[in-house]
> 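So that we are looking at the same thing, I have put the structure below in structure tokens.
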Amino acid sequence: MNKKLLLILSTLFLIGLLSVSCSNEENTGPVQTGIHSDFRGNVYRGDMTITPTGMSGYTGTCTVTIENDGSITSVNSGFPIDEMNATSTISPDKISQISRTQYTATDTTGGMDTTATFTFGEDGNTVTFRSENREATASGTLTRQQQ
């Protein structure tokens with residue numbers, strides 16, 4: 001049960017990360033996939049809450065890296081259930097841009113329809129996310145880390 005819950009929560013979170021926002025400015029160059037180049041290379045960290053359906057939430061730390069190829073890598077730590085402490089990656093082709101600062105992602109891994117939304121602050125210093133499926137929701141606001 002715990003491993004399944006962790007897998008579901010990790011999948012939800014990653015999908016949410018894929019939803020992170022891109023720029024609304026016209027792009028006269030080649031079409032990009034994944035997260036917009038303005039956010040690539042940034043690392044965000046903060047508290048995340050995972051709430052299994054019908055249960056209380058668990059709080060831990062989430063670190064999200066927007067990779068140079070537009071993919072998202074997330075590392076969860078500090079959760080009381082080992083399966084929630086996981087690393088996952090969302091490939092650029094699973095990320096859809098909604099607006100300059102908002103992205104969504106949907107994943108059906110393991111028969112779970114998971115949807116996630118990521119919204120960057122206008123200045124790029126924060127990202128708020130929410131992911132959900134029939135098993136759980138995950139959400140948090142992360143702050144850009146100095147590199």
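Please read these numbers as outputs of a predicted model, since none were measured by experiment.
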> Check step by step if side-chain contact (heavy atoms from CB on, under 4.5 Å) holds for Thr59 and Met48.
CA-CA 6 Å; Thr59 300; Met48 175 174 86; over 6 Å; no

> So, the side chain of Asn133 versus the backbone of Asp113: is there a donor-acceptor pair under 3.5 Å, distance only?
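It does not hold such a pair.
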
> Residues two or more places apart in sequence or in another chain: which of them pass side chain to side chain donor-acceptor pair (under 3.5 Å) with Asn68?
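Asn68 satisfies side chain to side chain donor-acceptor pair (under 3.5 Å) with no other residue.
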
> Just to verify, what does Asp69 make a side-chain contact (heavy atoms from CB on, under 4.5 Å) with, not counting sequence neighbours?
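Asp69: side-chain contact (heavy atoms from CB on, under 4.5 Å) contacts with Glu67, Ser71, Pro92.
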
> Would you compute the distance between atom CD1 of Ile50 and atom SG of Cys62 and round it to the nearest 0.5 angstrom?
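Separation between the atoms: 8.5 Å.
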
> side-chain contact (heavy atoms from CB on, under 4.5 Å) between Tyr44 and Phe129: does it pass, once the steps are laid out?
CA-CA 11 Å; Tyr44 298 87; Phe129 69 90; over 6 Å; no

> Just so I know, are the side chains of Tyr58 and Pro52 near enough to count as touching, which here means a heavy-atom distance under 4.5 Å?
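Heavy-atom side-chain distance check passes, below 4.5 Å.
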
> Do Arg45 and Leu142 touch side chain to side chain, with heavy atoms closer than 4.5 Å?
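Heavy-atom side-chain distance check fails, nothing below 4.5 Å.
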
> Roughly how far, to the nearest 0.5 Å, is the OG1 atom of Thr114 from the CD atom of Glu132?
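So the CD of Glu132 and the OG1 of Thr114 are separated by 9.5 Å.
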
> Looking at Asp38, Ile72, Val127, Thr73, which one forms a side-chain contact (heavy atoms from CB on, under 4.5 Å) with Ile66?
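The option that passes is Ile72.
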
> Can you tell me how far the OG1 atom of Thr89 sits from the NZ atom of Lys94, to the nearest 0.5 Å?
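Nearest 0.5 Å value for the OG1-NZ distance: 13.0 Å.
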
> Tell me the closest heavy-atom pair linking Thr49 and Gly57, and the distance in Å.
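Between these two residues, the closest heavy atoms are CG2-CA, 4.1 Å.
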
> For the residue pair Asp93 and Ile95, establish whether any side-chain heavy-atom pair is separated by less than 4.5 Å.
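Side chain of Asp93 against side chain of Ile95, heavy atoms only: no contact under 4.5 Å found.
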
> Got a sec, which residues hit side chain to side chain donor-acceptor pair (under 3.5 Å) with Thr141, two or more places apart in sequence or on another chain?
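Thr141 satisfies side chain to side chain donor-acceptor pair (under 3.5 Å) with Thr128 once adjacent residues are dropped.
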
> Nearest 0.5 Å, please: how far is CD in Gln146 from CG in Asn42?
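Result: 10.0 Å between the selected atoms.
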
> Checking the side chain of Thr53 only, and the main-chain atoms of Arg134 only, is there a donor and an acceptor separated by less than 3.5 Å?
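Yes, because the side chain of Thr53 sits within donor-acceptor range (under 3.5 Å) of the backbone of Arg134.
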
> I need the minimum non-hydrogen distance between Asp123 and Thr126, along with the two atoms involved.
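Scanning both residues completely, I find the closest heavy atoms to be OD1-N, 4.3 Å.
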
> Could you give the distance from CD1 (Ile98) to OG1 (Thr104), rounded to the nearest 0.5 Å?
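Spacing of CD1 (Ile98) from OG1 (Thr104) equals 4.0 Å.
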
> Examine distances only and state if a side-chain atom of Arg40 and a backbone atom of Ile35 form a donor-acceptor pair shorter than 3.5 Å.
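Pair found, side chain donor or acceptor close to backbone of Ile35.
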
> Any donor-acceptor pair under 3.5 Å linking the side chain of Gln145 with the backbone of Thr143?
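Yes, because the side chain of Gln145 sits within donor-acceptor range (under 3.5 Å) of the backbone of Thr143.
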
